[in-house]
Amino acid sequence: MAGVPVPAKYRGDPLQGVEMLFYAFLLAVMIVTGSCTPNDPYRSAERNKNIFYSTFNEPPKHLDPAKAYSSDEYELIGQIYEPAIQYHYLIRPYTLVPLTARAVPAPVYLDKNGRGLPDGVLPEKVYRAVYEIRIKKGIMYQPHPAFAKEADGSPLYKNLTPKDLEGIDDINDFPVKAARELKSDDYILEVMRLADPAIESPVFAMLEKYILGLHEYSEALRADLEAARRQRRENAGPAYNRTVDEKERPIVLDYKKHPLPGVEKVDDYTYRIILKAKYPQFIYWLAMPFFAPMPEEAVRFYSEDALKDRNITLNRFPVGTGPYMMDRYNPNMEIVLGRNKNFHREDYPDKGEAGDDEKGLLEDAGRPLPFMDMIVFKQEKEAIPRWNKFLQGYYDNSGITSESFDTAVTVSAAGRAELTAQMTQKGIRLLTSVRPSVYYTGFNMTDDTVGGLSIEKQKLRQAISIALDDEEYIEIFNNGRGVPAMSILPPGIFGYVEGADGINPYVYKWDSARKKPVRRDIEYAGKLMAEAGFPGGRTKDGSPLVITFDNPWTGADMTPVINWYIKRFRLLGIQLENKTTDYNRFQEKMTKGNFQFFSWGWNADYPDPENFYFLLSTANGKVKYQGENASNYSNPEFDRLFKMMENMNNSPERLRLIKEMTHITRQDAPLVWGFYPVAFGLSHAWVRNVKSNAMANNTMKYIRLDVAKRRAARDEWNRPILWPIAAAAALLVIAAIPAIIAVRKRMRGGRG
Amino acid sequence: MLTYIIRRILYAVPIVIGVNVLTALLFFYVNTPDDMARKILGEKNVTPAAIENWKKDHGYGLPAFLNTKEAGLATVTQTIFYQKSVPLLWLDFGRSDRNNIDIGREIGRRMWASLAISLPMFTFGVFIDLFFAMMLAYYRGTYLDISGVVFCVIMMSVSTLFYIIGGQFILGKLLKLFPISGYDTGVYSFKFLVLPVAVGVISGAGIGIRFYRTVFLEEINKDYIRTARAKGLSEAKVLFKHALKNAMIPVLTNVVVSIPFLFYGSLIMESFFSIPGLGNFTIDAIQAQDFAIVRSMVYMGSILYIVGLILTDISYTLVDPRVLFE
């Protein structure tokens, strides 16, 4: 076959066009980004702005203060809502100070006849505990459409229809906004909302035990809710679909229809919360967003059906008096808090703990808060991009995941965690703090094999406690980020004892030369096993002792952890049978008591020993009382001491009781105490006034940025490198040339 | 044609209902309302009473499919299936179990972010795959073809995750050409889309090029191609004009069925690049055990699948006059 000439349109190298396209495209990217740092994820207009950039992993579930209960939710609403009191930013141990209140309220204890009782009165003598809170005058809410009014004083935005809301996607799209002064009614309303069955506050079950009449009030609201549903069903007939009906017309309950004796208004700036019993820890609840003010106007505004249809709800757009307000809420992409121009005067603290001054934490003392104009939280679901963007300077702070731990931190010869050279070169700072939490494993105390309070069973559990080497666990699985626990009580909480006096003598010995606790050896644990009736881990009939281990660790990354437990139990001759299930099955087993050995943890609500020791009280047993005592530990002596300690003010007597309780629980060993996690946080050199505070959730107002320093660092760290792209394209072209020549030859010479 | 489409839509109705029933069954028996309540209420202070109240308030306190405590029509209507799943038939997705958001509105919002990434990825992907497949067919038998095929097989063997992390590392971290992840609206979204689109196109190129190359090679061995060559047409003309047109049936089967799923987004891609699309939405819902959202997304998936198949059938008639609607 004769060769045919190649038409002009097919001549030439097609890859040249591809290369040109690529360069044109790169150029377009550079133009669009408008900066010398094309990897900058922010708009160029933001470069010089006083904006803090951080991340969130999952969209927050609720921003309603009556419902929000997780740290990611608190990170947002803590900056918007203001309870009456707050934790001091710098002082340790954690101390409560006024926020909107004029003073931290002191409870007044009353007997049945209404007579006052002294502060240290025994709990059983207290009939009522009254907290009277006086708020400051002149505190204004953020600008919000809920406060906008007609000339006659009625709400401007009412009876809204879908047509009224055309073009409105969030709260800032409303053209008219207004504000009003904070009143005591707003705090009272929020307490009422905690009892609303439709809100499902996670702390209602706890608070109804204490706040006078809260249970009855909730029951009355539930009855109203059910009556409304019954009425609607009767009207609709058999085709009634509650899901659809309440989506279109949600039921709004009238809070004023029923009395709630547990909250009282004294005047516009004073209210009282009345408890049924002495509960000194209640003061800590008052610092949580559950007791933040909620304006009636906001509740009414957000009850508009048309707003709900557009997902404009209190769950997304809070209304507060805090230093920041919700500016943009797109939980799929970013959440932006802007400065609240109505924020009342609050100054940076002028006192701290020892060493704060040297660290520069008091440089801004007396300056008005907040320092930053905006806080931007970007959604980052994956750890690797989040970490890399932090290293590029695009996020101002970061945690440390296990993947990035070795890049960020090295352990010094003295065993201290230090930043790597790469981090220090960038001026990054490391902040570590022991969390008020405990991760533990434990025994089902109602189980025939591992439970019970006999000396033999105590020894069995003590032996296992020795074998489960928490130091090794922390080192292998937690990158050293933990402190081995000596009891349920973590450092920083009243009752925690350091040094030789604070060790768990059943598991550790004190090495006075090195001044540190040393775990008892495995031979000693073996001896305990023999005394417990399981020599070499064998039962009386010679078969190996088998213990089942229930956990919800379904991820593949947890297999080494499970294997570690199996290996440690094997040291005692015990056969550990792993029973991993999904979280729901695990919860079910725990609730029913169908387990022997388990893993669990606790994060404190407030810095008080009661919030830890209640995890071991009989009244909180999981199986019998659906409480948080997962091991179902029950020791009458412990319960007696706990009852005395729980409602006591911090005092030498309380310390004595705690020591006794600690001794009992160490001996009984219902839990292998595990470890207290240590949080590692990183922040860039341009972020000032950073101090870890595990209890406060409104800390963003104290942070100050050096924007010029950040801009310079970002420019330096993010200069684009273009030559590898050009080289790769050239290589591609060169590689293609021989093939093109071959085909051309083939075309000319015919295919044969 | 219209009759055919109507008939196909009618065939789809039992399929859609079946999917609906099956999803409900799986949820009620694999993941019970108690499990959902426990997961959604959190870990602290979750009492049995709180679980019961949650089920009651969210409409999960009813029997699954048949309410024997009721009489007449209410035995069917006062069930979880009727209350939750039946409104889906007229595309009323309801509210999410976890945070009470309007699911339909959320799908409407997130769909655009999914499309912003999947549409260019798909379009560029198809064109680039076709282009390179034709180039390999054009240069068949040369080292370029052989090395191209080997390269494609290597590309097919590599996990998508590797492309994503590699792309972020090389183009975002080392060369600093694009943001590593993120998203913005309007024209500002452009710089965030380049990297995921490039990664998506490259990660899918191995399989795409190999598939289309096979299609083209099959075509160019047919009689009409030999005739075209005998007529003296250039190899390029034979390939790009005659073979391409006739290879459209398998190409369309592959392409058109995928179009409706562009709305659905990409689970991994959206997660790693923080694209706020429907892929992300689905993953979040599965993790949170939000049955209302999962149910809606599964239902939407089944509808999109059916739409894809109908569109494919229609497209056949457009490219091949021999195909008739029967």
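For the numbers below, each heavy atom of this structure counts, side chains included, while hydrogens, waters and symmetry mates do not. Convention: sequence-line order gives letters A, B, ...; per-chain numbering from 1.
- Using a 4.5 Å cut-off between heavy atoms, A:Y240 touches chain B through backbone and side chain atoms alike.
- Distance alone, capped at 3.5 Å, is enough to place a donor-acceptor pair between the B:D35 side chain and the B:T32 backbone.
- Counting heavy-atom pairs under 4.5 Å between each of B:R109, B:K173, B:K84 and chain A puts B:K173 at the top.
- Between the side chain of B:S96 and the backbone N or O of B:N100, at least one donor-acceptor pair lies under 3.5 Å.
- Going from atom OH of A:Y394 over to atom CG of A:D40 covers 4.0 Å, rounded to the nearest 0.5 Å.
- Between chain A and the residues B:S271, B:A74, B:A71, the largest count of heavy-atom pairs under 4.5 Å involves B:S271.
- Of all the listed residues (A:R316, A:R43, A:Q626, A:E200), the one sharing the greatest number of non-hydrogen pairs under 4.5 Å with chain B is A:R43.
- Heavy-atom distances place both the backbone and the side chain of A:E380 under 4.5 Å from chain B.
- Side-chain contact check for A:K61 and A:S70: no donor-acceptor pair (N or O, by modelled atom type) lies under 3.5 Å.
- Counted by atom type alone, A:N311 and B:D102 present zero donor-acceptor pairs between their side chains at under 3.5 Å.
- Both the backbone and the side chain of B:T185 come within less than 4.5 Å of a heavy atom of chain A.
- Counting heavy-atom pairs closer than 4.5 Å to chain B, the top-ranked of the candidates A:D309, A:N718, A:I384 is A:D309.
- Heavy atoms of B:Q83 lying under 4.5 Å from chain A belong to its backbone as well as its side chain.
- Interface remark: B:I164 contributes no atoms to any contact with chain A (heavy atom separation under 4.5 Å).
- Contact annotation for B:L195: neither backbone nor side-chain heavy atoms come within less than 4.5 Å of a heavy atom of chain A.
- Only the side chain of B:D92 comes within contact range of chain A, judged by heavy atoms closer than 4.5 Å.
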Side chain to side chain contact (heavy atoms under 4.5 Å, CB included), that's the test. Do B:Q168 and B:S181 meet it? Break it down for me. CA-CA 8 Å; B:Q168 287 180 328; B:S181 65; 4.3 Å; yes
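- Looking at A:P41, both its backbone and its side chain come within 4.5 Å of chain B, counting heavy atoms on both sides.
- Heavy atoms closer than 4.5 Å to chain A are found in both the backbone and the side chain of B:F272.
- For A:R386, no part sits under 4.5 Å from any heavy atom of chain B, backbone or side chain.
- Counting heavy-atom pairs closer than 4.5 Å to chain B, the top residue among A:R229, A:R233, A:K67 is A:R233.
- Side-chain contact of A:E588 with A:T591: a donor-acceptor pair under 3.5 Å is absent, judged by distance alone.
- Of the listed residues B:G72, B:A113, B:G182, B:G94, the one with more heavy-atom pairs under 4.5 angstrom with chain A than any other is B:G94.
- With a 4.5 Å cut-off on non-hydrogen atoms, B:E270 does not touch chain A at all.
- The shortest non-hydrogen separation linking B:R226 to B:N221 is NH2-O, 4.2 Å.
- With no hydrogens or angles considered, a side-chain donor-acceptor pair links B:N280 and A:K381 at under 3.5 Å.
- Between B:Y183 and A:N332, the side chains place no donor N or O within less than 3.5 Å of an acceptor N or O (distance only, hydrogens not considered).
- Side chain of A:N611 to main chain of A:D605: a donor-acceptor pair is present (N/O by atom type, distance under 3.5 Å, no hydrogens or angles).
- Side-chain polar atoms of A:N315 and A:Y329 form no donor-acceptor pair below 3.5 angstrom.
- Chain B forms the most heavy-atom pairs under 4.5 Å with one residue out of A:Q392, A:H62, A:Q379, and that residue is A:Q392.
- Contact annotation for A:E226: only side-chain heavy atoms (C-beta onward) come within less than 4.5 Å of a heavy atom of chain B.
- Taking CD1 of A:I199 as the reference point, atom CG of B:D57 lies at 11.5 Å (rounded to 0.5 Å).
- When the candidates B:I170, B:L174, B:L175 are compared by the number of heavy-atom contacts under 4.5 Å with chain A, B:L175 comes out ahead.
- Heavy atoms of B:Y82 lying under 4.5 Å from chain A belong to its backbone as well as its side chain.
- The candidate from A:R310, A:K308, A:E58, A:R719 with the greatest count of non-hydrogen atom pairs under 4.5 Å with chain B is A:R310.
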